[in-house]
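A note on names: the letters A, B, ... follow the listed sequences, proteins ahead of strands, and every chain is numbered from 1.
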Amino acid sequence: MIHVLNPGFLTTVQDGGRFGYQRFGVPVCGAMDAYAMAAANLLVGNRPDEGVLEITEVGPAIRFETENIFALAGADFLPTLNGVPIPTGQAMPAHPGDVLECGPATNGFRGYLAFSGGLNVPNIMESKSTCLSAQFGGFHGRSLQKNDEIGFCAPQCWIKGLLQRTVHLTYDFNAPIRVVLGPQADAFSADGLEVFFSSEYRMGSASDRMGCRMEGAEIRLKAGASPNILSDGVAMGSIQVPNGQPIVMMADRQTTGGYVKLGCVITADLPLMAQRRPGDRVRFQAITLREAQRLLADRNRRLRNLQDDLEHNAYW
Amino acid sequence: MEYPIIPCGDSAVTLLIGTELSPAVNRLVFAAFSALQHKLVPGVREIVPTYGTLFIHYNPDVLDYAHLCDWIRGVSAVDAADMPSESRLVCIPVCYGGEYGPDLAAVAAHAGLSEQEVIRRHTEREYLVYMLGFLPGFAYLGGMDEAIACPRLAVPRTHIPAGSVGIAGGQTGIYPLASPGGWQLIGRTPRSLFSIREHEIDFLLSAGDRVRFCSITPEDYREREGRG
């Protein structure tokens, strides 16, 4: 069990997301940076989409009441265990009474705290993710607060190769975020698309788990085109342009939307989007669907390799 | 009839069945949805029916784009006449006016009708559930009498109780959860549109259902309240 001493800015239970219920209006939710979540889980020997704590901007302080193995991956929150700095991206043992403290995020915005065997919260619609908008899932449908206590499902005191279980995630924040055009790219003027892909946008302060609100040069529609469509589905990364400014729809997005969508951020680059902080500058670049799917396959291969390395190459 | 398939990023496509808001288009959507849902293949994460499209989420690592398109084309080309013609009719009891429908008088005044006449017109029609979205269990209903259409509140309420039945423009709908909102509230239903009890998840409505409202008294409301 963990005891929350200080919840940090926004700490929620998230997993790979709640698929299968969007036709009833239930948002997918899940980790914003699914790659870092998967890495944290693999470090502690979990399946990649097990429920973890997603921590944001300023991390929490928690006390372990039970022995377990944990790992933090994603942004660097300068974590300490009983006041001693510990590395990000490494499996660590914790004993009863140990205090893990996370500071402000550097080199990113979100981190993932995984615990061996997973967190003991109910599976609702086959997912442990917190749905903040409808207040269910995760830990009582809300973000963690001081003095909350969450149990473990199957805590471990040792896992194979414990001290060699490390991964170093890097984010290239200078790289453009890549986008596949469509489904309504043809509603935009050629100039509008040119502006979107040649300008720098700023991550707006109203950005949250529902969407990254980008601020910058106005993206114009074709003459006579409407910013509204008959409501259609929305994928994670979909770029809606309701009023000339792009909004990248993220994990907590509504299941359907009635605004034209210029394109969609590729899955392999969603972590870059999730790790940007308000005020950061972002550029976008168009690529083909084929390239996007190749990059996603590469990413999934890296995760499988990490899993193989951890399970087979670790000594002890 | 072959519908266009348009990629939405690397892990979803939209199957464009029609761009107009009409029961006929929505019926084709539902026919294609039923056909695909009965012949699911590995790699399809889920299918979301909307007014005029099917939005299909998939895992390209399991099902590549070309095979996804083959599957969609092979299965979705069904004739709407082949699908079961009887959709489900769901009756929703509503206590109109009073504390449950604080805006009934305003809607009546806007329409130039009596409150009784607004209730009569609201309960007279049969509505089609075009799709669900916005919140878990929220149904986009079509078919409201235009005579009782009413603009949203100028200042949205910060708290609307679950079960509230409202009108916004030419649309009517039911809030499945307590939430902020700007709809004109004409009544409230004691039935629950979305509930989680232990591991039992219940959604009252699905896309393709038909809905009728019936008027109940405050005594009925209180008696049924809590029974779901």
TODO: Find the one option among A:Leu289, A:Asp232, A:Thr255, A:Thr256 whose heavy-atom pairs under 4.5 Å with chain B are most numerous.
DONE: A:Asp232

Open item on the list: Could you check whether any side-chain heavy atom of A:Phe24 comes within less than 4.5 Å of a side-chain heavy atom of B:Ser206, counting everything from C-beta outward?
Closed with: yes

- [ ] Identify which part of B:Phe203 has an atom lying under 4.5 Å from any heavy atom of chain A, answering side chain, backbone, both or neither.
- [x] side chain

Task: Choice from A:Ala297, A:Ala134, A:Cys264, A:Ser231 maximising heavy atom contacts with chain B below 4.5 Å - done: A:Ser231

Task: Part of B:Ile47 lying under 4.5 Å from any heavy atom of chain A - done: backbone

TODO: Could you tell me which of A:Val26, A:Val180, A:Leu295, A:Ile239 has the largest number of non-hydrogen atom pairs under 4.5 Å with chain B?
DONE: A:Val26

TODO: Determine the option with the most heavy-atom pairs under 4.5 angstrom with chain B, choosing from A:Ser238, A:Gly257, A:Cys131, A:Gly25.
DONE: A:Gly25

Open item on the list: Given heavy-atom pairs under 4.5 angstrom as the criterion, report whether the side chain, backbone, both or neither of A:Val234 touches chain B.
Closed with: backbone

Task: Largest heavy-atom contact set with chain B, pairs under 4.5 Å, which of A:Gly237, A:Gly20, A:Ala292, A:Ser133 - done: A:Gly20

TODO: Between chain A and each of B:Leu16, B:Leu177, B:Ile196, count heavy-atom pairs under 4.5 Å; write down the option with the most.
DONE: B:Ile196

Task: Heavy-atom contact with chain B under 4.5 Å, split by part of A:Ile266 - done: both

Open item on the list: Tell me whether the count of non-hydrogen atoms from other residues, nucleotides or ligands lying under 6.0 Å of CZ in A:Arg142 goes above 12.
Closed with: yes

Task: NZ/B:Lys39: more than 12 non-hydrogen atoms of other groups inside 6.0 Å - done: no

Open item on the list: Quick check against the 3.5 Å criterion: does B:Glu46 have a side-chain atom that pairs as donor or acceptor with the backbone of A:Gln22?
Closed with: yes

Open item on the list: For B:Ile201, which atoms come within 4.5 Å of any heavy atom of chain A: side chain, backbone, both, or neither?
Closed with: side chain

Task: Which portion of B:Phe194 sits near chain A, non-hydrogen atoms under 4.5 angstrom - done: side chain

Task: Heavy-atom pair of closest approach, residues A:Pro183 and B:Cys8 - done: CG-SG, 3.5 Å

Task: Side chain / backbone / both / neither for A:Thr267 at chain B, heavy atoms under 4.5 Å - done: both

Task: Heavy-atom contact with chain A under 4.5 Å, split by part of B:Ala207 - done: neither

Task: Over 12 non-hydrogen atoms of neighbours within 6.0 angstrom of CZ in A:Arg304 - done: yes

- [ ] Locate the shortest heavy-atom distance separating B:Ser11 from A:Leu296; write the atom from each residue and the value.
- [x] OG-CD2, 4.0 Å

TODO: Just give me the residue among B:Pro60, B:Gly18, B:Ala178, B:Ala12 that pairs up with chain A most often, heavy atom to heavy atom, under 4.5 Å.
DONE: B:Pro60

TODO: Might you point out which heavy atoms bring A:Ala268 and B:Asp10 nearest each other, and give the distance in Å?
DONE: N-OD2, 4.5 Å

- [ ] Measure B:Ile56 against the heavy atoms of chain A and call it side chain, backbone, both or neither at under 4.5 Å.
- [x] neither

Task: Over 12 non-hydrogen atoms of neighbours within 6.0 angstrom of CD in B:Glu146 - done: no

Task: For chain B, the option from A:Ala235, A:Pro122, A:Gly182 that forms the most heavy-atom pairs under 4.5 Å - done: A:Ala235

TODO: Indicate the atoms forming the closest heavy-atom contact of A:Phe136 with B:Pro136, along with that distance.
DONE: CE2-CG, 4.3 Å

